[in-house]
Structure formats: C-alpha cells, structure tokens
2 protein chains.
Amino acid sequence: MNTTTLTALAEPNRLHIIELIRDRGPLTIGDIANRLELNQPQTSKHVRVLHEAGLVEVQPAANRRIIKLRTEPFQELDHWLESFRSMWDDRLDRLDEYLRDIQGLDHSD
Amino acid sequence: MNTTTLTALAEPNRLHIIELIRDRGPLTIGDIANRLELNQPQTSKHVRVLHEAGLVEVQPAANRRIIKLRTEPFQELDHWLESFRSMWDDRLDRLDEYLRDIQGLDHSD
DNA sequence: TTAAATTATTCCTTGAAAGGAATATTCCAA
DNA sequence: TTGGAATATTCCTTTCAAGGAATAATTTAA
C-alpha cells in the first residue's frame, strides 16, 4: 500500500471533499467550497493535493474546474484490505471462493 | 469514515508495522524494531499511536509487550470502501446481491 | 538487592502541512 | 478590450508530528 493515498485522505477537509463528490457526483471548486463552507483558496489547495495523489480528476470547463473521483486508488485500497479480510471473516472468503467457482472465473492467485 | 485510522496508517513506518504484524503474526516491540530497523524509542512511540488509534492491541507478557492487530478499524475501512465500490465494479455488486439471496441472508440495509 | 533486558518517556530540534490574507491568473461575456 | 467570475498562487504564521539522544521505569534472573 502506498502512503500518498492515505496521507491525502487523512486530512478531514479532504476526506469531506471525497465523500461529497462520492455522494453528489462531480463538482466545481466553488461548489465544494460552498457546501463544505471552506474558503476558495484552501479548497483549491486541497483539491490540488487530492489531484497530485491521483484521487481526483480535474476537468477544465471554461472558467471552472470540474472535480471527479478516480477509481484506481480506491481499488488499490480495497485490494490492500483483502489481505486483512481473513482476519475477521472466513465465511465470506469461502463464499467468495465458491462464487468464483460457480462463475467459472480464474482464481489462481 | 474517521481520520484517526487514516492518520495512523499514513505514516510509512506505522504502515510497515501493521503489514509486518499482518504477515508475521503478533510481535514484540523489540521484534518490530529489529525487523524494520527502527530504534526502540520510535518503535514504542509508533506503536503507541497505533494503539491509541485502536489499530493494535497491546498484551503485556513479563518484560515485553506483544502487539496484535485489531480487526474493527479495518472492517470500518472496508465498510467505508463499500460506498465506492459501485464506481468500479457493478458486476461484483450484483453477484454479491445474488450471493446473499441464495444464502438467505438479510439484506435490508 | 543488584544487574541486565525490555520498553516508556522526556526534551529538543527540525520540517512539513494547514489556514488566512492578499494578489495573480484565466476565461467568458458584453 | 474591459469587467467580472472562478480559480490559482504566494507569502506569512502557527501548529504538529517525527526523529535523535538521553534517561526513566519495569520485570526477571541471579
């Protein structure tokens, strides 16, 4: 697991930005600032960090920037958590294996 | 999602400690320090942070402390990721739903 | 009780990250 | 081309986390 993703998410305002976009869909810097009651400069800065960490995609549209979630970092995080899942849920693991069997998918890992 | 978990994991050495315990099982402060080539004081400090964040359980044994992983924070992180999963894998979501159906489990959430 | 091993704590310094305030930049509309 | 809206950047200050070094505390063994 890489720590850039975690570092980016560890700041409360940035986490809120991520969850906001997750819930409301792509948003503008101004939208984010308004909804989260942040100043515009700090919003830009936080979004920059999120972008540099690859958590977010920035799509210019005229005057504005539309901020979208990227999937890869969350997939990576999810994959990382796989290695812990057996700690707390063997049953689901076995079901997952069974599921893959009946779906005829490869599970050679 | 709470940021204490993320903050604790965002520090590289602490992340290494977590992954080390995940892979090797419960370890002593000294074991961790040796394997990760950390000084003992910093190891103690990092483990303290991990413990205060609830990521780790500390079990005294005579002179030593045995450090174990706790499951809850990882479960919470996993649960948080659920809300993102539909972004990248609708198929698995549908399979999961199907799975719950044939298992006769409650899925009223 | 003393010594040795293991771990915890304290003190200090340094670097980085975050917010505020001001200003710069970019882009469209008129 | 000028004005206004949206966003970016810079500069400054403050706070906080991390490492190093030294030392304290705890536990067992002898």
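Out of D:dG20, C:dT6, C:dG20, the shortest distance to the side chain of B:N39 is found at D:dG20. Of the candidates D:dA8, C:dT10, C:dT7, the closest approach to any side-chain atom of B:Q40 belongs to C:dT7. For B:H46, taking side-chain heavy atoms from C-beta onward, the closest of the listed nucleotides D:dA8, D:dA6, D:dA18 is D:dA18. For A:E11, whose side chain is taken as the heavy atoms from C-beta onward, the closest listed nucleotide among D:dT7, D:dA18, C:dA18 is C:dA18. For B:N63, taking side-chain heavy atoms from C-beta onward, the closest of the listed nucleotides D:dG4, D:dG19, C:dT6 is C:dT6. Of the candidates C:dA8, D:dT7, D:dG20, C:dA8 carries the atom nearest the B:P41 side chain, counting heavy atoms from C-beta on. Comparing C:dA8, C:dT6, D:dG19 by their nearest atom to the side chain of B:T28 picks out C:dT6. Taking only side-chain atoms of A:A62, from C-beta outward, the nucleotide of D:dT9, C:dA8, C:dC27 with the closest atom is C:dC27.
If A:R65 and A:V49 are placed on DNA chain C by their nearest nucleotide, the residue sitting closer to the 5' end is A:V49.
When the C1' atom of C:dT6 is taken as reference, atom CG of B:L27 falls 15 Å away, rounded to whole Å. Protein atom CD of A:Q59 is 17 Å distant from nucleotide atom C1' of C:dT26, rounded to whole Å. Across the protein-nucleic acid pair, B:L15 atom CG and D:dA18 atom C1' stand 16 Å apart, rounded to whole Å. Atom C1' of nucleotide C:dA17 and atom CG of A:L6 are separated by 17 Å, given to the nearest angstrom. The distance from atom CZ of B:R14 to atom P of D:dA17 is 9 Å, rounded to the nearest whole Å. Atom CD1 of A:I66 and atom P of C:dC27 are 15 Å apart (whole Å). Whole-Å rounding puts the B:I29 CD1 to D:dT27 P distance at 15 Å. Atom pair B:Q42:CD and D:dT23:C1' shows a separation of 14 Å (rounding to whole Å applied).
Within the 4.0 angstrom heavy-atom criterion, no nucleotide atom of any strand lies near A:T43.
Rounding to the nearest 0.5 angstrom, the gap separating the NZ atom in B:K45 from the CZ atom in B:R14 is 12.0 Å. Between atom NE2 of residue A:H46 and atom CG of residue A:N39 there is a gap of 10.0 Å, rounded to the nearest 0.5 Å. Separation of atoms CZ (B:F74) and CD1 (B:I18) is listed at 4.5 Å; rounding is to 0.5 Å.
Here A:R48 does not reach the OP1 or OP2 of D:dT7: none of its side-chain N or O atoms lies under 4.0 Å away. For D:dA6, the OP1/OP2 oxygens have a side-chain nitrogen or oxygen of A:R64 closer than 4.0 Å.
Taking every heavy atom of both residues into account, A:T4 and A:A53 meet most closely at O-CB, 4.1 Å. In plain terms, the two heavy atoms of B:L55 and B:P73 that are nearest each other are CD2-CB, 3.3 Å.
The base of C:dT7 has none of its N or O atoms less than 3.5 Å from a complementary donor or acceptor on the side chain of B:K45.
Side-chain atoms of B:H16 come within 3.5 Å of backbone atoms of B:P12 as a donor-acceptor pair (strictly under, hydrogens ignored).
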